[in-house]
Amino acid sequence: MLPIITLKPGEEADICAGRLWIFDNEIAGIQGDLLPGGIVDVYDVHKSFLGRGYCNMRSKIRVRLLTRQHENIDKEFFIKRLKQAISLRIRLGHSNACRMIFGDADLLPGLTVDRFGEVLVLQIATLGMEQFKECITECLKELLHPQCIYERSDLPARKKEGLEMRTGVLFGKEPGLVEIRENGLRILIDVVHGQKTGYFLDQRENRAAIAPFAQGDVLDCFCHTGGFALHAAKYGAASVEAVDVSASALQMVQMNAELNQFNMIKPIEANVFDLLKNYEQANKKFDLVILDPPAFAKSRSALRGAERGYKEINLRGMELVKPGGFLVTCSCSRFMTPKLFLDMIKRASADVGRAARILEIRYQSKDHPMLLGAEESLYLKCVILQIF
């Protein structure tokens, strides 16, 4: 018999609405011996079964549910879950590069798997999922037949789970640079040294959405390895300045530009905040400005400072847009909700005295689905505006 965790009265409402997380202050009692990362059953105060998941008494999130059924959490279970996730990506038409597993949204909390050609990049964030890493690796080999499975479990969040950061080959040989196709472009990925799993797949559809606006002079800020910059060049930009503080990222921008035979992309190593200020003082203008910063708010307590950072780059970005030109602005922080993000854009527009109209409000690509009941699975916002 599995250990049983009983919730306090009323705490089952969010679970019934789709949430998979159970926090420490929601638990009324525990029966049985809990193993670190072990499987437990969860009941409400009326002894109704709510689900089965794994626990970690060191984490504020005590339990993450894996299923609402009385079923064994074994290889057969993971084969079934992984098949469901893979089937969705195939239906979406993603065969070369995509997020195969997106944690809670694929009912596999704590697990991320990205596919780059014949290479899979696996990332585990939680103690409970760590217990099944070997099983999951075997399942992925059977279902996807990759040449390599590389682990990038180097997340700071693992420390809260009592886990060390880990990277390295789980199957096959360490890959060099991997080439993928995205919206007709050839793009090189460094899964070993790149940020996160090597490339930000969640912006794929948003990059394609800039096609009508990528004309004339383009400024791509926080460009990383050049995703937006490459698309701007593909869609007709006369010149593209690709700005990032990372020299290694800009080396990848240059390699990707050469791979696609684009000679209009100029990598610029600079602090974006300083560069925007300098360009404003120089009265430099662009037809399209793209702002895709890292997550300024990595916790709820950091939100106030993050809002100031987002507002500063947006008002300065708006100042650099030619009248009638366009601004593409993004936030990947889940704590910066869509409402807060739009409110910030509105205030930035008012502060610079520029009228702005929204053409599109977009989110992450469909291979990063959003689970109802799990607000944290909606994290990426992308707003396309025309500035007057």
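In this text, all values refer to a predicted model and were calculated from it rather than measured experimentally.
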Are Ser48 and Tyr43 close enough, and set up right, to give a side chain to side chain donor-acceptor pair (under 3.5 Å), and what steps lead you there?
CA-CA 5 Å; Ser48 295; Tyr43 288 80; over 6 Å; no
Is there a donor-acceptor pair closer than 3.5 Å between any side-chain N or O of [X] and the backbone N or O of [Y]?
X	Y	value
Asp220	Ala242	no
Asp106	Ala85	no
Asn260	Phe262	no
Asn96	Arg181	yes
Lys381	Tyr379	yes
Glu205	Lys366	yes
Arg62	Ser59	yes
Gln281	Asn278	no
Glu360	Leu385	no
Glu161	Leu127	yes

Among Arg91, Arg89, Arg204, find the residue that satisfies the salt bridge (charged side-chain N to carboxylate O under 4.0 Å, His left out) test when tested with Asp367.
Arg204
Is it the case that one hydrophobic cluster holds both [X] and [Y], taking links as side-chain heavy atoms less than 4.5 Å apart, direct or via other members?
X	Y	result
Leu250	Leu230	yes
Phe132	Val63	no
Val289	Met318	yes
Ile313	Ile345	yes
Ile22	Met57	yes

Closest non-hydrogen atom pair between [X] and [Y], with its separation:
X	Y	result
Arg52	Ile39	CG-CG2, 3.5 Å
Phe78	Cys135	CD1-SG, 4.1 Å
Cys330	Phe341	C-CZ, 3.6 Å
Ala374	Ser377	O-OG, 2.7 Å
Asp244	Cys223	OD2-N, 3.4 Å
Ala105	Pro369	CB-O, 3.1 Å

Are [X] and [Y] side-chain neighbours, meaning at least one heavy-atom pair lies under 4.5 Å?
X	Y	answer
Leu122	Ile136	yes
Arg158	Ser153	yes
Pro323	Phe388	no
Asp287	Val218	no
Glu138	Lys133	no
Glu241	Tyr279	yes
Ile30	Ile4	no
Glu76	Ile79	no

Within a reach of under 6.0 Å around [atom1] of [X], are more than 12 heavy atoms found that belong to other residues, nucleotides or ligands?
X	atom1	result
Asp274	CG	yes
Lys141	NZ	yes
Leu372	CG	no
Lys80	NZ	yes

Would Arg19 and Glu375 count as a salt bridge (charged side-chain N to carboxylate O under 4.0 Å, His left out) if you check the C-alpha gap in whole Å, the side-chain angles of each, and the deciding distance to 0.1 Å?
CA-CA 8 Å; Arg19 197 183 73 188; Glu375 294 180 359; over 6 Å; no
Any donor-acceptor pair under 3.5 Å linking the side-chain atoms of [Y] with those of [X]?
X	Y	result
Ser333	Ser331	no
Asn206	Arg362	yes
Asp190	Tyr199	no
Thr167	Asp154	no
Arg152	Gln123	no
Ser365	Asp202	no
Asp14	Trp21	no

So if I apply the side-chain hydrogen bond (donor to acceptor under 3.5 Å, both in side chains) rule between Asp292 and each of His224, Gln203, Arg207, which one comes out positive?
Gln203
Pick from Ile189, Val178, Ile149: which one makes a side-chain contact (heavy atoms from CB on, under 4.5 Å) with Val119?
Val178
Pair [X] + [Y], salt bridge at N-O below 4.0 Å:
X	Y	result
Lys75	Glu142	yes
Arg347	Glu307	yes
Asp217	Lys285	no

Using the salt bridge (charged side-chain N to carboxylate O under 4.0 Å, His left out) rule, take Arg166 and Glu151 through it: C-alpha gap first, then chi angles, then the decisive distance, then the call.
CA-CA 7 Å; Arg166 293 185 184 276; Glu151 182 175 15; 5.8 Å; no
Side-chain donor/acceptor pairs under 3.5 Å, residues 107-118, sequence neighbours excluded:
{"residue": "Asp114", "atom": "OD1", "partner": "Arg99", "partner atom": "NE", "Å": "2.7"}
{"residue": "Asp114", "atom": "OD1", "partner": "Arg99", "partner atom": "NH2", "Å": "3.4"}
{"residue": "Asp114", "atom": "OD2", "partner": "Arg99", "partner atom": "NH2", "Å": "3.0"}
{"residue": "Asp114", "atom": "OD2", "partner": "Thr197", "partner atom": "OG1", "Å": "2.5"}
{"residue": "Arg115", "atom": "NE", "partner": "Gly117", "partner atom": "O", "Å": "3.1"}

Taking the cut-offs as 6.0 angstrom to the six-membered ring centre and 45 degrees off its axis, would you call Arg300 and Phe335 a cation-pi pair?
no
Please report the C-alpha distance between Asp44 and Lys8 in whole Å, then the side-chain angles of each, then the deciding distance to 0.1 Å, and finally whether the salt bridge (charged side-chain N to carboxylate O under 4.0 Å, His left out) criterion is met.
CA-CA 7 Å; Asp44 67 15; Lys8 294 176 180 177; over 6 Å; no
To the closest 0.5 Å, what do you measure between SG (Cys221) and CD1 (Ile290)?
8.5 Å
Between the CD atom in Glu319 and the NZ atom in Lys284, the distance rounded to the nearest 0.5 Å is 16.0 Å
Between Glu312 and Arg308, does the salt bridge (charged side-chain N to carboxylate O under 4.0 Å, His left out) criterion hold? Intermediate values first, please.
CA-CA 6 Å; Glu312 180 179 344; Arg308 289 194 295 270; over 6 Å; no
